[in-house]
Amino acid sequence: MSPLLGLIQTLIIMGLIFILAYKYVDVRTKNTHFECPHCRSSFKLSKSSFALALKRNMYERMVTCPVCGYKGWMEIINDENRN
């Protein structure tokens with residue numbers, strides 16, 4: 001295999017991984033929110049903030065409340081379907 005073909009394949013795979021990760025973050029930010037344990041306000045994160053937040057597991061992120069400034073581990077809460 002030529003080095004150019006290997007490079008092209010690598011770029012295609014990296015592009016697909018990026019697209020899938022972006023789509024995952026897009027869906028999660030549209031369908032979830034956080035609730036501050038300190039002031040009980042609900043808020044959503046931007047796509048970049050959600051993607052870059054420290055992760056403890058699939059269900060928790062280290063985020064900062066935009067209302068009171070509390071920073072800590074918060075559970076990701078699914079939005080309820082509103083018809």
Side-chain angles (χ1 to χ4, degrees):
M1 175 181 349
S2 73
L4 183 59
L5 185 58
L7 178 63
I8 291 171
Q9 286 178 339
T10 302
L11 291 175
I12 289 172
I13 291 170
M14 288 176 62
L16 289 173
I17 290 170
F18 176 80
I19 290 169
L20 291 173
Y22 180 83
K23 194 62 179 166
Y24 171 78
V25 168
D26 185 45
V27 168
R28 292 294 280 175
T29 54
K30 286 181 182 176
N31 298 320
T32 61
H33 66 278
F34 294 89
E35 185 175 300
C36 178
H38 188 257
C39 70
R40 298 289 180 213
S41 64
S42 294
F43 59 95
K44 290 184 172 276
L45 291 180
S46 67
K47 291 176 193 159
S48 60
S49 295
F50 186 89
L52 297 176
L54 291 176
K55 298 149 187 71
R56 181 184 284 178
N57 55 42
M58 285 183 56
Y59 309 106
E60 291 182 309
R61 300 288 191 269
M62 173 68 74
V63 294
T64 303
C65 176
V67 177
C68 69
Y70 171 82
K71 183 175 183 173
W73 294 105
M74 296 185 206
E75 184 177 345
I76 301 170
I77 302 169
N78 290 325
D79 295 342
E80 293 181 18
N81 291 334
R82 295 184 176 98
N83 295 339

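As the structure is a computational prediction, the values presented were derived from the model and not from experiment.
- Listed for the Lys44 side chain is a donor-acceptor partner under 3.5 Å among the backbone atoms of Thr32.
- Closest non-hydrogen pair, Ala51 versus Val25, comes out as CB-CG2, 4.0 Å.
- Taking a 6.0 Å sphere around CZ of Phe43, one finds it holds more than 12 heavy atoms contributed by other residues, nucleotides or ligands.
- Side-chain contact check for Glu35 versus Arg40: some heavy-atom pair is nearer than 4.5 Å.
- For the atom pair Arg56 CZ and Arg61 CZ, the distance stands at 12.0 Å (nearest 0.5 Å).
- Side-chain contact between Ser41 and Cys68 is absent, with no heavy-atom pair separated by less than 4.5 Å.
- Here the CD atom belonging to Glu60 is positioned 12.5 Å from the CE atom belonging to Met58, to the nearest 0.5 angstrom.
- Val63 is not listed as a side-chain neighbour of Phe50, based on a closest heavy-atom distance of 4.5 Å or more.
- When all heavy atoms are compared, the tightest approach of Ile76 to Arg28 is CG2-NH2, 3.5 Å.
- Atom NE2 of His38 has 12 or fewer heavy atoms from other residues, nucleotides or ligands within 6.0 Å.
- The line from CG of Asn31 to CD1 of Ile77 is 14.0 Å long, rounded to the nearest 0.5 Å.
- For Glu75, there are no salt bridge (charged side-chain N to carboxylate O under 4.0 Å, His left out) partners, not counting sequence neighbours.
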Report all side-chain donor-acceptor pairs from residues 12-24 shorter than 3.5 Å, counting only partners two or more places apart or in another chain.
{"unit_1": "Tyr22", "atom_1": "OH", "unit_2": "Lys47", "atom_2": "NZ", "d": "3.3"}

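- Here the shortest heavy-atom pairing between Thr29 and Ser46 reads CG2-O, 4.0 Å.
- Taken to the nearest 0.5 Å, the CH2 atom of Trp73 stands 15.5 Å off from the OH atom of Tyr59.
- Taking Lys55 as the reference, nothing meets the salt bridge (charged side-chain N to carboxylate O under 4.0 Å, His left out) condition, with sequence neighbours excluded.
- The distance from atom OG of Ser42 to atom CG of Asp79, rounded to the nearest 0.5 Å, is 9.0 Å.
- For the residue pair Met74 and Cys65, the shortest heavy atom distance occurs at CE-N, 4.1 Å.
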